[in-house]
S.K.: 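Submitted below is the structure of interest, expressed as structure tokens.
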Amino acid sequence: MAATSNGTSGGPNPKPTTGDPATAPASKAYQPANVEPRMLAKWDAAGAFTAHPERVLSGEARPYCILIPPPNVTGALHLGHALNNTLQDILTRAHRMMGFEALWMPGTDHAGIATQAVVERRLLKEQGKKRKDYTREQFVALVQEWKDEYEKRITNQLKAMGCSCDFTRQRFTMDDICARAVREAFFRLFKDGLIYRGKRIVNWDPVLQTAVADDECYDEDVDSFFYYLRYPLVHAMQGPLGTPTLRVGSEKRHSESGGTQGGTQVQPVTWNELASRGYPGADQHPGEQQAWVTVATTRPETYLGDTAVALNPKDPRAKALRCVFVELPIVGRVIPIIEDDYVVLPAAMWDDQEAAKSDPKAQFATGFLKVTPAHDPNDYDLGVKHKLPMINVMAPDGSISDKHGWSDPAETRSAHVFLGKTREEARKLVIAEFKSRNVGDSSGGGGSAGGPAGVHLFEGQKPYRHSVKHSDRSKAIIEPYLSDQWFVKVTDDRLAGSANRALVDEQRTGIKASGDQGTKADSAGDGSLRFYPSRYAKMYEQWHDGIRDWCISRQLWWGHRIPCFYIQISESGRIEAGNPTQIENLVQQNQRHILTELRRESELNGTAQDIWIDERIHAGRFPATVSFPGVSAGKFMIACCKTQQSADFLIRFGKGTGNSTYACDSRLLGIWQDDDVLDTWFSSALWPLSTLGWPDPAQSPQTKGLLEAFNPTSVLSTAREIITLWVSRMVMMNRYLLSGGTLVPSVSSLDNPTTQDRSARDERTTQGNGPVPFRDVFIHAVVQDGDGKRMSKSAGNGVDPLDIIDSHGADAMRFTLAQMTTNTQDVRMPVKPDPKSGKNTSEKFDAGRSFCNKLWNASTGVAIARLSKEPVNIGSSIPANRTLVDRWMLSRLARATAACESCLKNYEFADYVQTLYQLLWWDFCDWYLEAIKPTVDASPEQRAVLRAALDVILRLLHPVIPFVTEAIFEQLAKLPTGSVAGVTLSSIRGDILCTAAWPKLDASLIDEAAEREFERVRELVNTVRNVRSEHQVPPKRRVTLHVSPAIAASLSTSRGLIETLAGIEAIVATPPTHGSPAVAFRAIGEELHLSNLADAIDAGAEKDRLTKQLEQLRKNAGAISGRLNNPGYVDKAPPKLVEESKAQLAKINDEIAAIEGKLGALR
RNA sequence: GGGCGGGUAGCUCAGUUGGCUAGAGCAUUCGCUUUACACGCGAAGGGUCCAGGGUUCGAGUCCCUGCCUGCCCA
């Protein structure tokens, strides 16, 4: 998509700018709406966020790059995005100021199934139309409109939040640049044997008729039943390999005879026979009656696809059942009984009855499990293990069908009753049919109810509540469905192994710190990927240890279409439809001919290297015939294309040779592309490559130089559930596709494609060693509501960032979100509707608003006001001239700057914000500004420090609250600058704050003596304030502080400070006049007095105050002396600590004595 | 079922290798229209650090068990 301008015209902030708020304040409070749009325009005009890769490539600047986790175009951004984007912006802005060439790449994700489902729902609701009422192209165009709309909304939200993204380089996962990367990646992985097509059980959504991923499903408890079905036992002839031939059911067969059908003889097994084989409980049944086993199932309708019954080898019945078969009622299929310890024993057979009670399945189990490999993932595994046939009995819409793998009903009319029924209908019908039949009835017999001697096929049902998978998008119950899908072989060591090796050693389990090498076969890691917080590394590693191949095909229209092509060969009436062997032969005979021709022509027109002609079909890797959804008989996979041109050529080739006749009188009818699209995560996995222009950045001015300059990127900031879905896949793709150090991967020669697999294997052992896509992964917290529930629109507890921006301002939102970002996994945001607007909001954002207001008022109302009155003199602050409070302030600034740098490095956002909160509010506003008010107008030196202090604070705060700081900086920048030795405040570009340099404060500014002395002042002031408050001295009343001559001398430099801050008329070195109203108190280790508090001292209040103090002191003294009386403490604790305790106790005891004396005097 | 978090003041959360009287913001109470800020200033109250056991001179912090709660994976 085209680059979007960084203008504010489309911005969501509706309020117009009403002029310079500094000169025309309508209200005393900071009004973000008056400032934010103007700052956006300013940044835009400066092109401040456009990255310059050439500066990195030339060595002028180090790169700093963050790729935005692309939000879905399904909807607008929510608070979770706001949090993540705030953090990314803090990092980006800070590093930009630190002199890095910063690129924050924005973009959006096409979110295949989610977006398609949203658009389909809207079309149905608004126009009553379904997807298939449109052509594929029409429908995709409609989704594209939706995408354009939401992409715009998302972009505007990002801008309103102040995100310093490089909007000139915005990407979309389906734009041309990303599409090129997808084709290239698919092509390479396919060619290298890392993408394959295969049959698997997938989560099938029968409504949307597509495979969906686990993360697109949710589990919900459903009230259901366990049904108990009886399967009659029979003898059957063995197949050639000792397995029984599946016998097709028959109308003709009678239970009493051993009729033959399809070469298999079937005879009932009687209870007598089982009894003779030692089957427990067989003698409880009439001896001549046909025996049965009872399977327990929650899904009776799938019995149509059963291909075995399984029981546990430890089951005492197992031995007697060997070499016996089961005949599926109605269908008549004869299936084997297999033994597998996967099967849960019924509770009664457990050795440990307690454990059996706690296993709900054991409570319901009969010990016999029906095995339906095509409709249950566990059964599928059993099917593979025991080499069972897989019979799919459903159509893609979930109805019972004989067109997708089930062929027996064609020969048995009885089973026809199920065809076309939905899963729910089929379930009822199966139960009804079982209820109407007896064991021993002919399988196809007419439904007569069991006579008195008959035993119902239906044994009963028990209520059972269990969790059932549903599709997120359609809410339909997921059908485990066997179908043809595309897979990435992530289990390959070049992918999963390489992802684990990317972790830094200290974050890998199984890697000992030193010495014990080789505990893991792949212990030689690259060590460049690091998780913050580190615990997530374990999750990442475990994911790869248990990873399964990744199903990447989706039966959707919205997405990257799989770049693989099929040919169809007509059968000229000579081939029996659906006959695998004949079709296979046809392929064998025709394919080479067609492919040879194709290769020759593609070489002639220059697209040969972009077409991977797949001859592995000969090795049986790709099944020639497929009778499953999406592919019909006679259609074969032939090639994978890398470019649109090569695809076009292929289609032309198909058309042009449509009349050519090949062997067996068959003809090439055409070539067309696979209908499926790729899982959205496939394109997301390439995000660090595609956004930076891979495979050929030079092709577009937007991407030129990006890949070389910015991959590996600096950090990925994302949510934890994304670790498995996205982080892992990006690492695998980046490392694989950039391995070998070549940016543009060379396409291997096609000279010898049939042996490619083996001949290239040795070279490939070095593949997967490319760079990681990002060095750090920061996992941020999940925003929850006040009850710990995840925020979502559907739950009604969501908060829209734009609402917060309207009510509190973008800075306030950012500040609050950053403040909440501690190392925990969740952050709670109590939500309540705003009484005025009805929109959801949270009081938590008040903190951010107050903070911005405080900064605004302190800056404009005090600092800038004073600086404007008496400009700073150039060269005016050198250390020798600094007052205590200036030295202290500079020391605080130097410490805060260092703390901020450390926090940013470690992704400690809450600490970063806390540091700045304390610096601004406690240090700068509460103490520094108050302290300098009486002196600053007369002191050029102090004005220089004030100016520098504000400047440093603005720079440190800018990454968190960019708007208000930029607006203040605008005013500050107009004032002349004085230098403050030790403080460097420079600019990278222009005179705006977002490209001002990060402040440099010399470590020598850290002044411990000034801090100690200021602490004394602060203690004294606090104590005086406390005494005043206890005695209810009116705030305006000036009191007199009496100190000893020694203290008076030591306070000489801070006398004015103390007088200002504590409301003191004078500090005198004489005791209060005897008999005058005065209060004694202790502070800074001395006994001091305040006089002139009031005309008369309230003795009662004073007594209360002292008594309270005394209690506290005695408690403390008790604790310390208790410790000192403990011999263990004195012997074992560090001596320094013991000494400190002793000194402390002495001091407290002194104070206790002094207060006791005073209390005595008061009585 | 496997793995990972959390449980500290009324609320939301800090609390570094175990060591000063366990902190902050909001809320509450009291005082204040003070010349930047009531989105403010000054002061105060408020905690059996989930429970039980263990290690230690000393545990909110380390170990074990249990309870509650949330998430990820299967």
Side-chain angles (χ1 to χ4, degrees), chain A residues 25 27-30 214-215 359 377 533 535-536 538-543 546-548 719-725 779 781-782 784 786-790 808-809 812 816 819-830 842-866 908 910-911 914 917-918 921-922 925-926 929-930 933 1021-1022 1024-1036 1061-1063 1108 1112-1113 1115-1120 1122-1134 1136-1138 1140-1141 1143-1145 1148:
Chain A
S27 150
K28 284 177 175 175
Y30 170 61
D214 285 337
D215 59 288
D359 186 333
R535 61 176 180 273
Y536 292 111
K538 199 170 168 187
M539 187 192 280
Y540 171 90
E541 200 176 28
Q542 281 171 354
W543 165 254
I547 201 166
R548 298 196 299 188
R720 66 181 166 281
E721 72 268 18
I722 300 301
I723 294 172
T724 53
L725 293 172
I779 303 295
V782 168
Q784 300 176 333
D787 299 322
K789 297 203 180 70
R790 200 188 183 97
H808 290 73
T816 304
Q819 192 180 35
M820 292 168 70
T821 302
T822 57
N823 250 0
T824 56
Q825 48 175 36
D826 311 302
V827 291
R828 287 194 182 194
M829 170 82 70
S842 175
E843 281 180 3
K844 287 213 125 193
F845 293 106
D846 293 353
R849 186 176 56 184
S850 302
F851 184 82
C852 295
N853 189 54
K854 188 76 179 175
L855 174 66
W856 178 261
N857 276 303
S859 305
T860 60
V862 186
I864 290 173
R866 302 278 178 152
E908 291 163 345
D911 289 344
Q914 190 61 20
Y917 182 95
Q918 292 174 0
W921 205 306
W922 295 358
C925 292
D926 289 350
L929 288 184
E930 295 303 328
K933 275 177 184 173
V1021 168
N1022 283 335
V1024 171
R1025 283 173 174 175
N1026 177 270
V1027 172
R1028 291 179 61 122
S1029 180
E1030 295 290 341
H1031 285 276
Q1032 300 185 322
V1033 177
K1036 282 184 174 167
L1061 296 170
K1108 209 166 64 188
Q1112 186 62 51
L1113 286 169
K1115 194 178 140 197
N1116 297 346
I1120 297 169
R1123 204 181 305 152
L1124 286 169
N1125 289 336
N1126 181 344
Y1129 178 71
V1130 182
D1131 293 347
K1132 294 183 185 174
K1136 193 184 159 204
L1137 221 56
V1138 177
E1140 276 173 17
S1141 297
Q1144 212 171 13
L1145 185 61
I1148 290 173

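Naming: A, B, ... by sequence-line order, numbering from 1 per chain.
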S.K.: Whole angstrom is fine here: how far is it from CG in D926(A) over to P in U34(B)?
M.R.: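 From D926(A) CG to U34(B) P: 18 Å.
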S.K.: Strictly below 4.0 Å: does W921(A) bring a side-chain N or O up to OP1 or OP2 of C41(B)?
M.R.: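 Yes, because at least one side-chain N or O of W921(A) sits under 4.0 Å from OP1 or OP2 of C41(B).
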S.K.: Could you give the CD-to-P distance, from E930(A) to U34(B), as a whole number of Å?
M.R.: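 In whole Å, U34(B) P lies 14 Å from E930(A) CD.
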S.K.: Take the protein atom NZ of K933(A) and the nucleotide atom P of C41(B), then report the distance between them rounded to whole Å.
M.R.: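 Nearest whole value for this atom pair: 11 Å.
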S.K.: Taking only N and O in the side chain of S850(A), is any of them less than 4.0 Å away from OP1 or OP2 of G40(B)?
M.R.: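 Looking at the OP1 and OP2 atoms of G40(B), one of them is under 4.0 Å from a side-chain N or O of S850(A).
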S.K.: Do K854(A) and C37(B) have a side chain to base donor-acceptor pair shorter than 3.5 Å?
M.R.: yes
S.K.: Should R1123(A) be listed as having a side-chain N or O under 4.0 Å from OP1 or OP2 of U21(B)?
M.R.: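 Checking U21(B) against R1123(A), a side-chain N or O does come within under 4.0 Å of OP1 or OP2.
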S.K.: Starting at atom NZ of K844(A), determine the distance to atom P of A24(B), rounded to an integer number of angstrom.
M.R.: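 Taking atom P of A24(B) as the reference, NZ of K844(A) is at 16 Å.
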S.K.: Starting from the 5' end of RNA chain B, give me the residue, R849(A) or E721(A), whose nearest nucleotide shows up first.
M.R.: R849(A)
S.K.: Evaluate the ring planes of W921(A) and F851(A), with Trp represented by its six-membered ring, and classify them as parallel (under 30°), tilted (30 to 60°) or perpendicular (over 60°).
M.R.: tilted
S.K.: When you check the phosphate oxygens OP1 and OP2 of A38(B), does a side-chain N or O of N857(A) lie under 4.0 Å from one of them?
M.R.: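 So the side-chain polar atoms of N857(A) never come under 4.0 Å of the phosphate oxygens OP1 or OP2 of A38(B).
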S.K.: Is T860(A) near enough to A36(B) that one of its side-chain N or O atoms lies under 4.0 angstrom from OP1 or OP2?
M.R.: no
S.K.: Figure out the CG/P separation between L929(A) and G42(B), and round it to whole Å.
M.R.: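 Rounding to the nearest Å, CG of L929(A) and P of G42(B) are 12 Å apart.
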S.K.: Could you state the CZ-P distance from R535(A) to G2(B), rounded to the nearest angstrom?
M.R.: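 Interatomic distance, CZ of R535(A) to P of G2(B): 21 Å.
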